[in-house]
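Below is one structure; the comments refer to it alone.
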Amino acid sequence: MENMRLIVTGTVGAGKTTFIRSISEIEVVDTDAIATDETALLKHKTTVAFDFGRLQFSPDMALHLYGTPGQSRFDFMWDILIRKAHAYILLVAAHRPRDFRQARKIMNFMNQRAQIPMIIGLTHTDSPDAWSEEDVFLALGYEDEHQLPPIVKVNPMQRDSVANAVIVLVHHLMQSCVA
């Protein structure tokens, strides 16, 4: 049995915990605590260490999904989780441009510690304030269209949408292994 470790990262409120809860076949292990900082303006509880979920992908392979905290003060957990990961998805709330700088910071942090496949998952794309994929790419620092990672619109509350994002991530990982 092979276990593939995938990281779900992103800013506070991007949908990381919900993403894992939507797809996990086991009860999700979470480390939610009552938010006491500016995070409380977005939600009552927040992840302070990691979330963990599992999905049997095939008879011989299981996906272990780890969700990171969104706040930089917990970046030691980002470091621990990304170093043993096979791939990651960066969730970006497309309707909160004030979070794009933090999303870019998280992405740079992860890329400095591990050169592994990644995709971008855009959440909240149904909001009237949502930015386009092209504008989000620019906000994240991608100017060369030939260097863009795969991007997928994902609704963390819908299992099928999350499953599609996981398939895109695993497919991207497999392509990276062949190349």
Side-chain angles (χ1 to χ4, degrees), residues 1-32 42-47 49-70 78 81-82 84-97 99-100 102-103 106-107 110 116-137 139-140 142 148-178:
M1 171 76 69
E2 184 176 345
N3 294 322
M4 187 180 300
R5 292 177 298 276
L6 304 178
I7 303 300
V8 182
T9 192
T11 58
V12 172
K16 302 175 297 292
T17 299
T18 303
F19 183 101
I20 293 174
R21 285 187 178 140
S22 291
I23 198 76
S24 180
E25 294 173 338
I26 64 169
E27 186 173 342
V28 172
V29 176
D30 68 46
T31 58
D32 285 357
L42 286 174
K43 56 187 188 174
H44 179 65
K45 288 186 165 187
T46 191
T47 302
F50 64 90
D51 301 312
F52 175 74
R54 184 177 185 279
L55 178 65
Q56 191 72 35
F57 200 68
S58 74
D60 299 324
M61 181 180 292
L63 300 180
H64 288 185
L65 300 161
Y66 296 89
T68 70
W78 303 350
L81 294 171
I82 199 65
K84 295 200 174 195
H86 291 100
Y88 76 96
I89 181 170
L90 174 71
L91 295 184
V92 178
H95 71 310
R96 287 200 314 255
D99 291 353
F100 293 167
Q102 177 66 8
I106 293 169
M107 181 178 65
M110 299 299 184
I116 58 176
M118 66 86 72
I119 68 169
I120 295 172
L122 282 184
T123 63
H124 301 88
T125 57
D126 57 342
S127 170
D129 299 330
W131 284 33
S132 69
E133 291 178 12
E134 295 78 18
D135 290 339
V136 171
F137 273 133
L140 294 178
Y142 289 100
L148 301 177
I151 192 167
V152 60
K153 293 179 182 178
V154 60
N155 182 339
M157 294 187 290
Q158 295 180 353
R159 182 179 172 84
D160 290 346
S161 179
V162 172
N164 180 59
V166 169
I167 289 169
V168 171
L169 181 58
V170 170
H171 181 73
H172 185 53
L173 172 61
M174 296 302 179
Q175 285 183 325
S176 299
C177 291
V178 173

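All values reported here derive from a predicted model rather than from experimental measurement. Basis for what follows: all heavy atoms, side chains included, without hydrogens, waters or symmetry-related copies.
- Going from atom NZ of Lys84 over to atom CG of Asn3 covers 12.5 Å, rounded to the nearest 0.5 Å.
- Across all their heavy atoms, Gln56 and Met61 have their closest contact at NE2-O, 3.3 Å.
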_Step-by-step side-chain contact (heavy atoms from CB on, under 4.5 Å) determination, Val168 to Ile89_ = CA-CA 10 Å; Val168 171; Ile89 181 170; over 6 Å; no
_side-chain contact (heavy atoms from CB on, under 4.5 Å), that's the test. Do Ile119 and Ile151 meet it? Break it down for me._
CA-CA 6 Å; Ile119 68 169; Ile151 192 167; over 6 Å; no
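- Contact detail for Gly67 and Leu81: the closest heavy-atom pair is O-CD1, 4.1 Å.
- Taking OG1 of Thr18 as the start and CE of Met157 as the end, the distance is 7.5 Å to the nearest 0.5 Å.
- If you run side chain to side chain contact (heavy atoms under 4.5 Å, CB included) between Leu90 and each of Leu122, Thr9, Ile7, only Thr9 comes through.
- The CG atom of Leu173 sits 13.5 Å away from atom CE of Met118, with the distance rounded to the nearest 0.5 Å.
- Side-chain N or O atoms of Ser24 include one that pairs as donor or acceptor with a backbone N or O of Arg54 at under 3.5 Å.
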_Using the rule given for side-chain contact (heavy atoms from CB on, under 4.5 Å), can you reason through Phe100 versus Val136, listing the C-alpha separation, both sets of side-chain angles and the distance that settles it, and then say yes or no?_
CA-CA 8 Å; Phe100 293 167; Val136 171; 3.9 Å; yes
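- Between the side chain of Thr123 and the main chain of Gly15, no donor-acceptor pair closer than 3.5 Å is present.
- Between Ile116 and Ile82, the closest side-chain pair of non-hydrogen atoms falls below 4.5 Å.
- In this structure, NE2 in His172 is found 9.5 Å from OH in Tyr88, a value given to the nearest 0.5 Å.
- Considering every non-hydrogen atom in both Pro69 and Trp78, the closest pair reads O-NE1, 2.8 Å.
- Summarising the geometry, atom NE2 belonging to His86 is positioned 4.5 Å from atom CZ belonging to Arg5; distances are rounded to the nearest 0.5 Å.
- Thr11 OG1 to Ile106 CD1: the interatomic distance, rounded to the nearest 0.5 Å, is 6.0 Å.
- Pairs engaging residues 150-165 under the side chain to side chain donor-acceptor pair (under 3.5 Å) rule: none recorded [sequence neighbours left out].
- For Trp131 against Ala139, the heavy-atom pair with the smallest separation is CZ3-CB, 4.3 Å.
- Annotation: side chain of Leu140 is in contact with side chain of Met107 (closest heavy-atom distance under 4.5 Å).
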*Take Leu6 and Val170, measure what side-chain contact (heavy atoms from CB on, under 4.5 Å) needs, and give me the verdict at the end.*
CA-CA 9 Å; Leu6 304 178; Val170 170; 4.1 Å; yes
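- Between Val29 and Asp51 there is no side-chain heavy-atom pair separated by less than 4.5 Å.
- The nearest pair of heavy atoms linking Ala103 to Val92 is CB-CG2, 4.1 Å.
- Taking the six-membered ring for Trp and thresholds of 30 and 60 degrees, Tyr66 and Phe52 have ring planes inclined between 30 and 60 degrees apart.
- Within the structure, every pair that satisfies the salt bridge (Lys or Arg N to Asp or Glu O under 4.0 Å) test and touches residues 8-28, not counting sequence neighbours, is listed here: Arg21-Asp30, Arg21-Asp32.
- Between the side chains of Thr47 and Thr17, a donor-acceptor pair is found at a separation under 3.5 Å.
- Residues Ile120 and Phe137 share a closest heavy-atom pair of CD1-CE2, 3.8 Å.
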